[in-house]
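Scroll down for the structure; my scribbles are underneath it.
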There are 2 protein chains.
Amino acid sequence: MTTIRDVARISGYSVSTVSRVLNHKNYVSDGVRRNIQKVINDLDYVPNDVARDLSRGRTKNIGVVVPNVEHPYYTDIIRGIMAAAFAAGYNVLMLPSRYEPQVEHGYLDQLRRRAFDGLIFTSHTMPVADMVPYKKYGEVVVCHDPGSIDISAAYTERGPSYRAAFRWIQRRHYHNVGLVLPRGVDISATSSATIVAYTRVFGTAPEPRLVRTGVMSYSDGYAAAEYYHSQNLAPDFIFANGDDIAAGILQYYRDNHLQAPALMGQENQLSGQLLGIPTIDHHFRDVGAAALRLAIGAASGQFPVHSDFIPR
Amino acid sequence: MTTIRDVARISGYSVSTVSRVLNHKNYVSDGVRRNIQKVINDLDYVPNDVARDLSRGRTKNIGVVVPNVEHPYYTDIIRGIMAAAFAAGYNVLMLPSRYEPQVEHGYLDQLRRRAFDGLIFTSHTMPVADMVPYKKYGEVVVCHDPGSIDISAAYTERGPSYRAAFRWIQRRHYHNVGLVLPRGVDISATSSATIVAYTRVFGTAPEPRLVRTGVMSYSDGYAAAEYYHSQNLAPDFIFANGDDIAAGILQYYRDNHLQAPALMGQENQLSGQLLGIPTIDHHFRDVGAAALRLAIGAASGQFPVHSDFIPR
DNA sequence: TTGTAAGCGTTATCAG
DNA sequence: CTGATAACGCTTACAA
């Protein structure tokens, strides 16, 4: 392996001067610069990134914790993160967590060991408060409203669009509304925000039997519809946690030659567009981009991102 | 920041002894080990990963080049890579390429600068031959059959399952078969393998007008169906590059109240299962896992993965 | 079993 | 403008 010292020795200049031309710094005359550059080219030398990182005390890597890669929420947010990271010259480490708190803690420890400069939790199971002590080792960013906890965050502002959506449903006189949610209301910010908005608009909490949680995919949607039907529940409207999920719900009714209820999705996916159903665009790519800017220290604080209700 | 030297100084032992307890090595007495461990705990010390990597000459990072994150081919292969990486204690760097050769070269340069130990191309535009010189800097792995080029590879063996699929189609006397492919035959291994298998089974090359390329998603499928219809082409069968794509095709015909042709998909996705159409399972997760093992040097050479035709 | 000291390959400070 | 040299924080021969 050829090192900066080889370049110095062969070019006849010092290591520091070589370092300067490497980093395009001033205080090196054009002639010397050319000479050294020639040796660099001749030797086909490139600096070692790890040595550089150690010396500089930073890695230009950002860790991104993802429970699973398949859900559109994550793919969108990841695309936002990756695009912003690429633009800023950062690399993204994908850190799978499967929602396991121990694994999540492991990644915070990697941050402490300086394996990356910042850490983004696209979602997590461990308490946010437990993350705070790690801020001294690097930027820690979550992707939901952290409330009063002092941690950087980028997230969609769900309240306004959820309320707009429920008002839209209410105006059309649907009164048996099924809610199909991702995870339990106790652990999912999405789910609880949905319930809160529903309650505020309709003046009453949703009928518990019409609320399904743990629904994250097309197939889960299909199964949720099966549940409604098997339980003889006949919602006249289903508010789903994604357009693809709504498509799964519809597919169940179609497959069984049943009259499907009216539907609303989220994420503004192609499926919703094709089905012609209303949706909510949470702009998760923007959330991802904002999260990355927080993680690299280009911004700080809370970044609520506006979301849009799209009636159809 | 507290370093290994602090631990040495405070515990009264040498840096090397501390290093030994850190790395759970032999040749350190139990008493000393306990003393040092106590100081480590008291100081809340953790080793710096970057310094470690520099000293050891490896990063335990693997770079994974992905043109885009959304296509199911990539999500499946990425899941396989990530699962295997997690199991092996490696971190995965996601490297977006958008099929741009310059960007791809940039990642090979990062490999040369030792930013990661190995590099996996899930797909690429640059010639494989150009990657060979970089093997001396770390493992380089591609995810398709590299032919005679000497480079590590993990890929699905498409031939047998493609031929089985086309024989199935032939037995049912379809004679106007549309092919919906990802990228041009010149650059896509998938596309050319499809054409080759078709030709071998039917004894004649596919009708050019019935071949659509550049189709990677549900919406592309929708558009492809629109093309067939607008051109007054009426394939009696469409072989699609994915179940979701087949779903998009079907949706077009449904939306326009047209008689849809028979369909076959790929990837064994949920959509295909629900539509009840035949599919081909390429086991991309296994491909990803194999690719990772190659990238970390746990295996070497070529890893063809068996694929299955699933008639329905 | 423990310690000394030489790397690992850069960057950055401080003289000249 | 250029050069010594001390970090950066750890691992690992080689000694003791």
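Just so it is clear, the model here is predicted, and its values are computed rather than measured. Convention: sequence-line order gives letters A, B, ...; per-chain numbering from 1. As a basis for the values below, the full set of heavy atoms in this structure was taken, side chains included, without hydrogen atoms, waters or symmetry mates.
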Expressed as a whole number of angstroms, how long is the span from [X]:[atom1] to [N]:[atom2]?
X     : N      : atom1 : atom2 : result
A:M1  : C:dC8  : CE    : C1'   : 9 Å
A:R20 : D:dT2  : CZ    : P     : 8 Å
A:Y27 : C:dA15 : OH    : C1'   : 15 Å
A:R9  : D:dG3  : CZ    : P     : 15 Å
B:N35 : C:dG3  : CG    : P     : 11 Å
A:I4  : C:dC8  : CD1   : P     : 14 Å
B:H24 : D:dT11 : NE2   : P     : 12 Å
B:N23 : D:dG9  : CG    : P     : 17 Å

Hey, which of these two, A:R5 or A:R33, hits DNA chain D nearer its 5' end, going by closest nucleotide?
A:R33
For B:S19, answer base if it contacts any base atom (sugar-phosphate contacts may also be present), sugar-phosphate if it contacts only those atoms, and nothing otherwise; contact means non-hydrogen atoms under 4.0 Å.
base
Which part of the nucleic acid, if any, lies within contact of B:S16, taking any heavy atom under 4.0 Å across all strands shown: a base, the sugar-phosphate backbone alone, or nothing?
base
Can you find a side chain N or O atom of [X] that sits less than 4.0 Å from OP1 or OP2 on [N]?
X     : N      : value
A:T17 : D:dG3  : yes
B:K25 : D:dT12 : yes
B:S14 : C:dG3  : yes

To check you understand the geometry: which heavy-atom pair defines the closest contact between B:A88 and B:K60, and what is its length?
O-NZ, 3.6 Å
Closest non-hydrogen contact found for B:L54 with A:V50 is N-CG1, 3.5 Å
Pairwise 5' ranking along DNA chain C for B:V28 and A:L22, keeping only the more 5' one:
B:V28
Evaluate B:D53 against B:R58 for salt bridge (Lys or Arg N to Asp or Glu O under 4.0 Å), listing each step before the verdict.
CA-CA 5 Å; B:D53 289 347; B:R58 58 136 190 66; 3.6 Å; yes
Any chance you could measure B:L93, atom CG, to A:I62, atom CD1, to the nearest 0.5 Å?
11.5 Å
Rounded to the nearest 0.5 angstrom, the OG1-CZ distance for B:T59 and B:R52 is 14.0 Å
Within residues 38-62 of chain A, which residues have any heavy atom lying less than 4.0 Å from an atom of DNA chain D?
A:L54, A:S55
Determine whether a donor-acceptor pair (N or O, by modelled atom type, separation under 3.5 Å) exists between the side chain of A:K135 and the backbone of A:D150.
yes
Whether B:R112 and A:D44 form a salt bridge (side-chain N of Lys/Arg under 4.0 Å from carboxylate O of Asp/Glu) is what I want to check.
yes
